[in-house]
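Working notes, beginning with the structure itself.
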Amino acid sequence: MKAALLEVRHLHTHFFTKSGTVKAVDDVSFSVKPGETLGIVGESGSGKSMTAMSILGLIPSPPGKIVSGEILFKGEDLLKKSEKEMRQIRGKEISMVFQDPMTSLNPVFTIEKQMVETIRAHEKVSKKQAFERSLDLLHLVGIPDVKKRIKMYPHEFSGGMRQRVMIAMALSCNPSLLIADEPTTALDVTIQAQILELFKKMQDELNMAIIMITHDLGVVAEVCDEVLVMYAGKAVEMTYTKQLFDNGKHPYTLGLMQSIPKITPNKEKLEVIEGLPPDLRRLPKGCHFAPRCKYVMERCLIEGPDMTKVSEHHTVRCLLYEKTKKAVKQ
Amino acid sequence: MLKYILRRLAMLIPVLIGVSIITFSLIHLIPGDPARSMLGEKASEAQLELLREELGLNDSYLVQYGRFISNILRGDLGTSIQSKESIAYELAQKLPATIELSLFAMILAIVVGVLAGVISAVKQYSWFDHLSMTGALFGVSLPIFWLGLMMIWLFSVQFNILPPSGRMTTGVHLETITNFYLIDSLLTGNWEAFKDVLQHILLPGIALATIPMAIIARMTRSSMLEVMRQDYIRTAYAKGLKRFIIIFQHALKNAFLPVLTVIGLQFGTLLGGAVLTETIFSWPGVGRYVYLAVLGRDYPIVQSTILIIAAIFVFINLLTDILYKYFDPRIKYN
Amino acid sequence: MSLQPSPLPEPHATDQNSIYEHQGQSMWKRTISQLIKRKTSLIGFSIILFIVVTALLAPVIATHNPTAQSITDRYLAPSSEHYLGTDELGRDIFSRIVYGTRISIQIALISVGISLVIGVILGCLAGYFGRWIDQVIMRVIDVMMAFPSILLAIALVAVLGPGLKNAMIAVGIVGIPQFARIVRSIVMSVKETEYIEAARAIGAKHGRILFQHVLPNSLAPIIVQATLGMGTAILDAAGLSFLGLGAQPPTPEWGAMLSDGRAALQTAPWVVAFPGLAIFLFVLGFNLFGDGLRDAIDPRLKE
Amino acid sequence: MNNLLEVKDLKKYFPLKSDKLFSREKPMLKAVDGVSFSVKKGETLGLVGESGCGKSTTGRVILKLLEPTAGEIFFKGENITSYKGERLRKLRKEMQLIFQDPYASLNPRKVIEKTIAEPMKIFGIPKEERLKKVEEMMERVGLSSYHKQRYPHEFSGGQRQRIGIARSLVLEPELIVCDEPVSALDVSIQAQVINLMEDLQREFNLTYIFIAHDLSVVHHTSDRVAVMYLGEIVEIGEVHELYTDPKHPYTQALLSAIPEANPYAEKDRIILKGDLPSPQNPPSGCKFHTRCPFSEEICLLKRPTLKQVSRSGQMAACHFVKEVVERETSGMLSESAYK
Amino acid sequence: SKDSSTTDGSHSKGGSGDEKTLIFGRGADSIQLDPSKVTDGESIYVTNQIYDTLVRYEEESTEVRPALAEEWNVSDDGLTWTFKLREDVKFHDGNDFTAEDVVYNFERWASSSEFIYYGYMFGATDDNLKGIIENVEATDDYEVQITLSEPNAPFIYTLAMPPFGIASPKAVEEYGDDYFKNPVGTGPFIFEEWVPDDTITLVKNDDYFGEVAKIDKVIFRTIPDNGARFMELQSGTIDMMNGLNPQDIETAEADNNLEIIRRPSMNVSYLAMNTDHDGPLSEKLVRQAINHAVDKSELMTLFEGIGKEAKNPIPPSLWGYNDDIESYDYDPEKAKALLAEAGYADGFDVKLHIFSNPRDYMPQPKVTAQAIQEMLKEVNINVEIIESDWDSHLEAVENGKHDMAFLGWTGDNGDPDNFLYVLLDKDNAKKGSAGNIAFYKSDELHDLLKEAQIEMDQDKRTELYLKAQEIIHEDAPWLPIAHTTPPLAAHKKIKNYQPHPTGSEPFNLLDIEE
Ligand SMILES: Nc1ncnc2c1ncn2[C@@H]1O[C@H](COP(=O)(O)OP(=O)(O)OP(=O)(O)O)[C@@H](O)[C@H]1O
Ligand SMILES: Nc1ncnc2c1ncn2[C@@H]1O[C@H](COP(=O)(O)OP(=O)(O)OP(=O)(O)O)[C@@H](O)[C@H]1O
Ligand SMILES: [Mg+2]
Ligand SMILES: [Mg+2]
């Protein structure tokens with residue numbers, strides 16, 4: 001087995017706001033191996049983005065703070081690095097693509113400027129060289145007419161094109177890890193297909209690890225090797241993609257999969273997870289999902305479960321499986 | 001771009017016509033007899049009538065307005081009733097003083113305001129932030145005529161370190177080239193004069209700069225805060241750029257746009273404030289000129305000067321619009 | 001910019017959307033609690049309260065008759081008899097400033113009232129009906145905005161004749177464009193919201209849409225602008241009085257007091273200093289409170 | 001069955017501001033450009049397409065919230081295209097709208113009771129009846145009556161959407177245009193709202209025009225589906241047929257692009273090249289030709305019309321699909337979306 | 001010239017150069033430098049340095065002494081005046097001064113109504129632009145004869161007024177319309193430069209026929225604000241100033257470097273009551289009551305020592321002053337009684353028009369007005385103060401729009417006629433251009449004043465004027481307020497400065513000693 005490229009252990013990221021502490025990331029652990037794709041799914045506000053931002057050390061502070069945990073990248077704890085060292089990692093070792101391509105590029109600079117400065121921030125190359133490299137990268141991600149396009153401003157690009165530019169920029173220093181935070185959510189389906197295709201192609205060519213954040217199980221099924229499911233700041237289930245779809249364990253995961261309409265000939269009534277996601281400032285005692293859970297037990301309202309191994313490479317945070325844990329232990 | 005400028009210029013025409021109508025009608029509603037102002041207390045009724053005829057004051061308003069406009073288009077701003085001097089000439093004499101003071105104040109306001117705003121935003125809730133924002137709040141709440149007087153009292157009366165009035169000490173020699181004394185003294189390398197001029201411009205400059213400075217600082221701060229929240233700033237961080245570059249290049253260039261508009265509008269405050277400031281500091285500029293003309297009901301001056309000031313203001317705003325376009329590639333001009 | 005297809009909505013439900021969360025009738029409750037939390041707005045509110053109470057209780061607070069002269073006692077320095085000294089006619093500055101609060105409040109209310117009423121009407125018409133109505137109104141506003149405001153006020157007072165009443169009218173007129181523009185832009189953006197479309201879809205008429213939906217939702221920024229406008233009005237009116245175009249003697253208007261005391265700047269600086277401080281405090285109060293109100297009502301409205 | 005609504009060659013052009021100072025020809029944005037379809041009573045017509053293709057505009061024109069540039073709208077057989085004033089207001093009782101953004105579609109200054117009651121107030125329904133109806137309706141959409149005096153911001157997105165639905169139902173309309181009613185909601189909430197809408201449809205015998213860009217949702221909710229591209233309908237047909245046997249290359253690409261929640265699915269994706277062209281300046285001929293993998297010369301020159309491509313009434317606008325009047329199973333391409 | 005904004009040498013600062021420069025600060029700029037066309041003091045103050053008149057006033061009085069004319073005589077009928085001119089005089093442009101030049105100037109003044117003072121002093125009208133001056137003739141290269149149409153007692157004094165300064169005909173012709181900013185005379189100083197609203201620079205005339213100036217250069221600098229001007233004086237950037245705030249007198253006196261110089265008084269400030277309006281002010285009793293109701297000694301404190309209570313329209317320094325008249329004493333009770341007698345026991349409302357800028361004879365109009373407002377309140381008269389700038393004020397009061405108004409007068413030529421006839425004769429109570437803004441019409445007074453105008457014997461005239469003042473006192477159209485000694489402030493190094501009662505004086509005797 002390959003050694004993990006990135007390993008996150010018991011990450012806790014909290015926001016200390018006037019109206020209370022938001023536990024945006026609340027005990028999340030996972031690991032990513034080189035060349036593999038990890039998907040993180042979960043509903044809005046479940047802490048997906050903040051997990052990613054924690055890795056890059058970009059939690060807005062104040063009010064945010066990484067309270068505890070370890071983030072080991074190539075064996076070194078990123079949380080112990082200085083701001084200057086982190087700057088050397090961001091954009092070079094780990095780069096990121098954001099959800100909204102319309103707003104992720106600086107509107108007042110040309111694409112050229114934004115590409116070139118990224119390269120020159122990390123490598124001692126001339127402007128000319130950086131420019132040449134930018135042209136190559138843009139070409140690689142499928143921007144037509146690169147020479148002309150590179151002189152343009154972001155607003156002159158469509159959403160899909162901008163996302164390509166973002167990806168090109170993220171790839172400019174050959175990162176070993178690419179974090180994509182809902183890179184296709186803002187795009188139309190046909191464009192989304194293009195971008196997902198591009199991701200696959202890039203991964204094949206450049207052999208980097210990808211963390212793909214999404215709320216769309218379809219995307220997960222399509223591109224991810226492994227999946228982490230998050231709910232209300234907590235990691236609730238992690239396993240291989242196929243395993244999750246075949247044999248998902250957590251009631252939330254199950255509910256999620258049943259509530260999306262599928263294109264099948266027989267239309268049934270949709271299964272529904274009743275209720276609303278909790279307010280992260282006022283989390284219920286015990287299991288956070290308990291108020292919406294079909295299988296809720298009395299214990300669930302009192303006890304917060306830990307991540308439990310249910311099988312090789314499959315962990316779940318649910319009291320239903322605690323027995324299994326004991327069994328495995330024995 | 002040129003097309004845009006031309007279009008914007010064309011759009012100014014109705015505004016300028018409106019401005020001219022307002023100035024014209026305002027001044028014609030002012031009670032009082034200009035002929036009497038001109039001839040003084042000892043003139044006879046017949047002399048007055050003669051003069052009225054001469055000035056065309058007996059014509060219909062429409063005829064007078066037509067004459068007013070056609071004269072202005074020919075660069076003839078009329079003649080002062082009191083001094084009998086061509087107003088265009090007198091304005092040309094006083095405009096440099098006002099422009100120099102306004103620009104000095106504006107540059108002061110922009111430099112200090114933007115810097116304070118940026119630092120406050122970057123170090124939100126720090127002592128600097130609190131201090132400069134309190135200062136800015138005081139700045140927008142201060143009556144500048146009072147501030148001017150208090151500064152005179154403090155610096156001229158109590159400490160006697162800065163002069164209370166004028167542009168330059170009488171007797172200091174200065175070759176004038178541009179009529180902007182600061183520039184002229186630098187051009188001729190006349191350090192004594194430069195120091196003297198600087199001392200003179202300091203107090204009125206500060207008084208005039210106070211409000212724009214405060215507003216620019218507040219605007220810059222909130223605009224910076226807004227921009228710093230934007231996705232592309234997060235992108236810049238994620239790219240591993242230096243904080244300094246992110247703040248002063250990526251953020252400031254975006255944050256400056258709304259500030260630019262405010263700067264344009266603040267020229268209005270400045271030109272209006274010049275009336276008060278120039279009066280207090282005996283600054284021989286247009287503000288004092290127009291105020292004295294209002295008091296003396298030298299209405300050709302009031303009419304022409306207000307028109308010119310409004311036109312200048314309108315053009316400054318046009319200029320900021322164009323600059324805006326220069327800074328913001330997104331703007332489509334329609 | 002506006003014609004590009006908008007990106008698909010983000011599937012956010014819990015965070016953001018503060019612009020909506022901060023509205024609603026209970027906005028007032030929320031606003032008040034927000035205001036109380038903020039030190040600055042609380043200070044601003046206290047200042048305003050202090051001024052209003054001073055105005056109400058002027059006869060009780062004042063130590064002297066504000067217009068009573070005692071020429072032999074002119075230019076007395078501050079003392080226990082005259083807290084803030086006396087002016088050129090031996091009048092008690094403290095008492096004059098105390099009574100001056102009444103005038104200042106009156107100026108603020110009347111001037112802002114004029115700007116508010118006319119500005120809101122114009123802004124609503126322009127923003128709601130658009131087309132040529134908007135064109136006409138906005139061109140007029142453009143022309144008004146082409147004049148530096150103090151200059152326009154001076155010109156207006158020159159026409160109307162000096163005096164407090166005319167100064168208030170001039171300051172009010174000069175303030176119209178601000179209101180009209182703010183109201184217009186709010187009305188335009190509110191008009192585009194889906195709940196207005198919903199109202200149209202259920203067959204509501206213009207009057208109902210305007211008064212039941214558009215105006216109530218435009219109220220917050222208007223109130224903020226009105227609060228901040230009070231400070232500006234006082235400053236402008238004091239400026240006019242300072243130039244001799246505003247309040248006339250023996251009215252204890254602060255700007256006029258300052259102007260009258262100017263000749264004695266060297267010998268009796270307190271005659272100038274205190275009325276100026278009073279203006280400053282008054283304006284500061286409204287600015288602090290207005291800022292706080294804006295932040296409390298909607299943080300996005302900032303500046 | 002009767003057609004409740006029929007739309008013929010509907011067009012909506014938005015004037016664009018010209019770049020030139022003086023120009024005779026006003027540039028136009030053709031948001032909806034010749035759309036025809038009909039909706040039967042009690043059915044749900046799905047309207048899908050990429051962002052900006054004119055779905056919402058179509059919905060709004062039908063409701064006469066926007067004046068059509070050209071074309072005709074028949075509602076219950078009556079031509080309502082030129083209805084104005086009072087007659088139009090009467091019509092509002094029968095046609096309603098549900099919005100996409102649950103945050104923006106409720107007046108934040110009104111308690112929800114007033115919001116829900118407002119349509120009745122406008123139509124002069126007495127207060128007593130109003131109150132009763134509001135309570136009834138709230139309960140029906142799953143809100144408790146103690147919610148009545150609350151403001152919209154005190155509700156979650158899903159709940160707000162329920163309020164919006166209640167508002168559009170109180171007048172007991174026949175037709176409801178739902179403009180992406182669930183796309184702003186989280187997956188788990190989305191399902192709740194979809195279920196509710198389906199229940200209501202059955203209960204009140206409603207007719208829906210269901211606008212969405214999510215093909216799975218449309219599939220789930222609709223009886224028939226129309227696919228729009230740049231202001232035109234490129235394909236329309238019964239839902240199963242359309243999804244299993246899409247005739248138009250665009251529909252095919254669209255369907256193949258949906259990421260499927262099935263890790264075992266091995267799909268041959270049709271990846272379209274390029275972006276959606278701008279409706280300000282649409283391509284000539286077949287508007288899809290710039291992205292179509294099969295485009296030929298004729299596509300640049302001639303605009304294809306909708307023609308029947310299957311016996312059951314499926315229609316597509318492509319030069320390369322055969323017109324079918326008889327029963328015939330042929331398409332130029334056929335690939336099932338079902339796996 | 002436009003390319004040099006001010007002069008070189010900074011004498012005022014340290015006396016390093018050999019040039020002696022006087023920097024004189026004042027509140028307003030000159031309007032024109034052609035004295036024959038203006039009436040404002042600031043213009044005349046400068047032209048008085050540049051021009052000479054045929055005769056000049058004595059240094060401290062309004063008696064006349066030779067100037068351009070060495071000697072003169074008048075025929076017994078008082079109609080023909082002969083002037084013998086100096087022969088050693090040159091204009092600043094180098095031309096010799098001759099009798100023809102005098103004739104030219106008189107003809108110029110009589111050519112148009114633009115020459116306001118000429119018309120005003122010699123009774124010119126639009127129909128008769130010459131007025132009482134029938135003929136001016138050069139009887140010799142250096143002799144001029146002036147023939148009048150009627151005797152005019154103040155004639156010779158009038159000729160000493162600065163507006164009648166003799167200009168160089170060549171220069172007048174050469175500059176045409178621009179002459180007003182290119183003045184050429186024969187006076188002790190030569191015009192050098194004018195930067196409007198800023199400075200006017202004059203240099204000494206080494207060829208002056210009289211006492212050649214001790215200083216090399218005079219710069220008049222405009223600093224509108226009284227306080228600011230005083231601060232400049234304190235910091236030494238100007239040497240001398242007029243228009244001192246009364247408040248600053250004490251400060252100046254306490255300053256070791258400064259000195260207050262008081263100009264002898266030849267003015268009066270008053271409150272005129274419009275007798276023309278129906279209502280209380282048309283009643284003599286009411287006007288007397290008002291005179292009784294105002295405590296002038298109290299008012300004088302507001303004049304900070306530069307004012308003296310007035311009881312007559314003419315200042316005491318003038319001949320013909322009637323010191324026997326007894327001032328209305330301050331007695332509110334009596335005032336109330338008089339009001340009751342007139343039927344106004346409950347008082348009445350009245351408007352008082354005042355001007356905003358200080359003037360020599362009334363340094364604090366607004367404050368003074370407020371003081372009077374308060375005093376009249378004691379006797380139930382409610383005064384509303386209406387303040388306007390000088391021009392609007394004049395316009396309003398000359399048209400009789402006021403109930404009561406402040407105004408004042410500074411004598412032009414040291415003749416009582418210049419006060420009494422101008423300010424109180426019924427001839428001058430015409431709406432629109434009234435000098436008599438009380439619109440006081442007394443035939444008795446009119447006859448006296450007319451008689452005095454043509455009477456050439458000074459003693460007889462004195463009699464007439466004494467009588468006139470009695471009538472005025474009794475009818476009380478005015479509340480006379482004060483005669484002031486307008487203060488100037490100067491550095492102690494300024495020597496030999498002798499201010500003249502008429503308000504302006506040449507600087508040729510003045511010197512600067514470090
Ligand atoms: N600056 C902040 N202050 C306070 N709370 C914050 C802040 N930023 C994020 N949060 C909270 O942290 C939680 C997790 O946010 P995060 O952005 O990670 O969610 P997400 O899973 O990415 O959701 P989405 O799908 O909407 O992007 C949310 O509840 C959010 O409200
Ligand atoms: N009022 C308007 N003025 C001008 N153009 C408009 C207007 N409304 C819509 N458009 C344009 O018409 C086109 C179609 O818009 P429409 O909102 O109908 O698309 P849509 O299919 O609903 O897209 P989305 O999925 O983004 O909601 C777009 O290009 C849009 O920019
Ligand atoms: Mg996120
Ligand atoms: Mg839409």
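Side chains are part of it too, since the values below use all heavy atoms of this structure and drop only hydrogens, waters and symmetry mates.
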For this session: Check the surroundings of atom NZ in A:Lys81: do more than 12 heavy atoms from other residues, nucleotides or ligands lie under 6.0 Å from it?
Result: yes
Problem set entry | Spatial distance of atom CD1 (B:Ile245) from atom CD (A:Glu117) [nearest 0.5 Å] | 7.0 Å
Problem set entry | Student check: side-chain heavy atoms of B:Lys239 and A:Met115 closer than 4.5 Å | no
Exercise. Where is the tightest heavy-atom contact between B:Gly240 and A:Ala121, given as atom of each residue plus distance?
Worked result: O-CB, 4.3 Å
Exercise. A:Phe98 ring centre to B:Arg234 NZ or CZ under 6.0 Å, with the angle to the axis within 45°?
Worked result: yes
For this session: Could you tell me which non-hydrogen atom of A:Asn106 sits nearest to which non-hydrogen atom of B:Tyr232, and how far apart they are?
Result: N-CB, 3.5 Å
For this session: Identify which part of A:Leu58 has an atom lying under 4.5 Å from any heavy atom of chain B, answering side chain, backbone, both or neither.
Result: side chain
Exercise. Can you name the side-chain contact (heavy atoms from CB on, under 4.5 Å) partners of A:Gln88, sequence neighbours left out?
Worked result: A:His122
Problem set entry | Point-to-point distance, once rounded to the nearest 0.5 Å, from OG1 of A:Thr118 to CG of B:Leu241 | 6.0 Å
Exercise. Which heavy-atom pair separates A:Phe109 from B:Gln249 by the least distance, and what is that distance?
Worked result: CZ-O, 3.7 Å
Problem set entry | Portion of A:Met86 that has a non-hydrogen atom of chain B nearer than 4.5 angstrom | neither
Exercise. When only heavy atoms count and the cut-off is under 4.5 Å, which of residues 136-145 of chain A reach chain B?
Worked result: none
Exercise. Checking A:Lys84 against chain B: side chain, backbone, both or neither under 4.5 Å from a heavy atom?
Worked result: neither
For this session: Look at A:Glu83, A:Arg120, A:Arg90 and state which one has the largest set of heavy-atom pairs under 4.5 Å with chain B.
Result: A:Arg90
Seminar exercise, completed: Interface check, chain A: of B:Leu257, B:Val227, B:Asp231, most non-hydrogen pairs under 4.5 Å belong to B:Asp231
Problem set entry | Where B:Ala238 and A:Leu56 come nearest, the two heavy atoms and their spacing | CB-CD1, 4.2 Å
